[in-house]
Amino acid sequence: REKVEITKEQRALMKAIVDAYNRHQIPQDVAKKLLQEQYSPEENFLLLTEMATSQVQVLVEFTKNIPGFVSLDREDQIALLKGSAVEAMFLRSAQVFSRKMPSGHTDVLEERIRKSGMPEEFMTPMFNFYKSIGELHMVQEEQAILTAITILTPDRPYVKDHQAVERLQESMLVVLRKLCVLQHPQELQYFARLLGRLTELRTLSHYHAEMLTSWRMNDHKFTPLLCEIWDVQ
Ligand SMILES: O=C(NC1CCCCC1)[C@H]([C@@H]1CCCCO1)n1c(-c2ccc(Cl)cc2)nc2cc(F)c(Cl)cc21
């Protein structure tokens, strides 16, 4: 077994990211709201757009705390945020869905989401992704670093200094790999499976615009920030 140890610098990098991740969480708990009662498609859509809008704001704050991010070219910073916001939203939704809940609550939550007004054809890929994230039982450090890795994806549209982003992402990948070996010693290839979820995440995110515009209701209203981030309106 390879002797894996996290260096002092890597521990500091991890701490910075996890602290930022925990500091910047969604204010209200959307899961609690959905468990409380059944909403109409219009109310669910409004809830989603409100949650997603505040999540984007939170994502910007989190991203600014990723060591090295603010030293990137300013336009590249915007390109990375715009390019990863939808994936970050689905990743966050998956993490919320996978949280340990009293027995039966997850089933109620799934039922509420299935009936929220979203078009049927996206349920299977979305819940397959949520469940594949849940099966990994990620610790919060892994969740935080995986989100940072998603944001620091060099091949987003309009990124100019590819190399600079790759260097930042590389240092996160190195830490994540060590963390996976230390946290899941019995699960070989855990790190590879974790990264494989990012491929599933990108595929799911391709559907987001259609998922939103075909929500079972008329006149879909988006906030200006969501129009910026999502390919809608
Ligand atoms: O609000 C949501 N997610 C926020 C987004 C910001 C970060 C925190 C979680 C939505 C809900 C779905 C029901 C109707 C109200 O919206 N949601 C989505 C979802 C997201 C995008 C699309 Cl296009 C479709 C569904 N998946 C969820 C999984 C969950 F466990 C929970 Cl609690 C809610 C979830």
Side-chain angles (χ1 to χ4, degrees), residues 4 6-7 9-21 23-24 52 55-95 125-126 129 132-133 136 138-181 183 189-209 225-232:
V4 161
I6 295 183
T7 66
E9 293 78 18
Q10 289 171 332
R11 197 166 296 285
L13 174 68
M14 193 158 67
K15 186 172 173 355
I17 292 170
V18 172
D19 290 350
Y21 189 73
R23 229 185 0 262
H24 303 306
Q55 198 250 348
V56 172
Q57 289 154 347
V58 150
L59 189 76
V60 171
E61 288 316 305
F62 167 65
T63 306
K64 280 159 54 178
N65 288 277
I66 298 175
F69 183 83
V70 293
S71 324
L72 291 171
D73 172 280
R74 187 107 6 230
E75 284 169 1
D76 282 356
Q77 293 180 32
I78 303 291
L80 290 175
L81 275 165
K82 277 175 78 84
S84 64
V86 171
E87 289 178 23
M89 176 195 61
F90 277 119
L91 185 54
R92 186 74 200 130
S93 295
Q95 287 162 355
M126 191 176 82
F129 174 68
S132 69
I133 286 287
L136 289 169
M138 275 190 265
V139 297
Q140 66 166 2
E141 290 83 351
E142 288 165 337
Q143 291 188 13
I145 297 173
L146 194 68
T147 302
I149 286 168
T150 302
I151 296 162
L152 292 165
T153 299
D155 63 345
R156 297 294 185 199
Y158 315 113
V159 169
K160 297 172 294 188
D161 190 349
H162 220 263
Q163 293 279 331
V165 181
E166 218 160 42
R167 268 195 304 275
L168 284 187
Q169 191 192 47
E170 170 76 22
S171 61
M172 310 276 154
L173 285 163
V174 167
V175 175
L176 184 61
R177 194 186 67 77
K178 286 188 176 180
L179 202 58
C180 289
V181 171
Q183 291 286 348
Q189 295 315 323
Y190 179 88
F191 175 60
R193 280 167 53 214
L194 197 46
L195 295 188
R197 296 292 170 267
L198 295 186
T199 311
E200 212 180 328
L201 175 59
R202 196 176 286 209
T203 309
L204 175 67
S205 303
H206 285 318
Y207 302 128
H208 82 280
L225 182 55
L226 291 184
C227 291
E228 270 294 304
I229 290 279
W230 291 348
D231 329 326
V232 291

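Remember, predicted model here, so these are calculated numbers, not experimental data. We're numbering straight along the sequence, starting at 1.
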* To do: Could you walk me through whether Ile133 and Leu91 pass the side-chain contact (heavy atoms from CB on, under 4.5 Å) test, one step at a time?
  => CA-CA 8 Å; Ile133 286 287; Leu91 185 54; 4.0 Å; yes
* Asked: Between Leu173 and Leu195, is a side-chain contact (heavy atoms from CB on, under 4.5 Å) present by the stated rule, with each step listed?
  -> CA-CA 9 Å; Leu173 285 163; Leu195 295 188; 3.9 Å; yes
* **From Gln140 atom CD to Ile17 atom CD1, the distance as rounded to the nearest 0.5 Å** => 12.5 Å
* Check whether any side-chain heavy atom of Thr153 sits under 4.5 Å from a side-chain heavy atom of Ser84, and report yes or no. => no
* For Ser132 and Leu136, what are the C-alpha separation, side-chain angles and deciding distance, and is it a side-chain contact (heavy atoms from CB on, under 4.5 Å)? -> CA-CA 7 Å; Ser132 69; Leu136 289 169; over 6 Å; no
* Asked: Are the side chains of Gln55 and Phe62 in touch, meaning some heavy atoms are under 4.5 Å apart?
  -> no
* Asked: Around atom NZ of Lys160, are there more than 12 heavy atoms of other residues, nucleotides or ligands at under 6.0 Å?
  -> yes
* Asked: Roughly how far, to the nearest 0.5 Å, is the CD atom of Gln10 from the CE atom of Met172?
  -> 11.0 Å
* State the OH-CD distance between Tyr21 and Glu141, to the nearest 0.5 angstrom. => 11.0 Å
* Above 12 or not: heavy atoms from other molecules or residues under 6.0 Å from CD of Gln183? -> yes
* Verify, without hydrogens or angle tests, whether Asp76 (side chain) and Val159 (backbone) share a donor-acceptor contact under 3.5 angstrom. => no
* Asked: Is there a side-chain contact between Phe129 and Thr203, using heavy atoms and a 4.5 Å cut-off?
  -> no
* Can a salt bridge be assigned to the pair Arg156 and Glu87 using a cut-off of 4.0 Å between side-chain N and carboxylate O? -> yes
* Asked: Less than 4.5 Å apart, any side-chain heavy atom of Ile66 and any of Ile151?
  -> yes
* Would you name the heavy atoms of Leu194 and Cys180 that are closest together and state the gap between them? => CD2-SG, 3.6 Å
* To do: Indicate the atoms forming the closest heavy-atom contact of Gln169 with Pro154, along with that distance.
  => OE1-CD, 3.5 Å
* To do: Would you give the length of the straight line joining atom OG of Ser171 to atom CD of Glu9, rounded to the nearest 0.5 angstrom?
  => 11.5 Å
* Mind running side-chain contact (heavy atoms from CB on, under 4.5 Å) on Thr150 and Leu201 for me, showing each step along the way? => CA-CA 9 Å; Thr150 302; Leu201 175 59; 4.2 Å; yes
* Asked: Hey, is the main chain of Val70 close enough, under 3.5 Å, to the side chain of Gln77 for a donor-acceptor pair?
  -> yes
* Spacing of Ser205 atom OG and Met126 atom CE [to the nearest 0.5 Å] -> 11.5 Å
* If you take all heavy atoms of Ile149 and Leu176, which pair is closest and at what distance? -> CD1-CD2, 3.5 Å
* Taking NZ, NE, NH1 and NH2 as the nitrogens, is one of them in Glu170 or Arg167 under 4.0 Å from a carboxylate oxygen of the other? -> no
* Between Trp230 and His208, is any pair of side-chain heavy atoms under 4.5 Å apart? -> yes
* Asked: Are Leu179 and Ile145 close enough that some pair of their side-chain heavy atoms sits under 4.5 Å apart?
  -> yes
* Asked: Is there a donor-acceptor contact under 3.5 Å from the side chain of Lys64 to the main chain of Phe69?
  -> no
* To do: For Ala79 and Pro157, work out which heavy atoms get closest and say how close.
  => CB-O, 3.7 Å
* For Val86 and Ile229, work out which heavy atoms get closest and say how close. => CG2-O, 4.4 Å
* To do: State, with a plain yes or no, whether a side-chain heavy atom of Glu142 is found less than 4.5 Å away from one of Val139.
  => yes
* **Phe191, CZ: over 12 other non-hydrogen atoms inside 6.0 angstrom** => yes
* Is there a side-chain contact between Glu166 and Leu152, using heavy atoms and a 4.5 Å cut-off? -> no
* Distance-minimising heavy-atom pair for Gln95 and Thr147 -> NE2-OG1, 4.1 Å
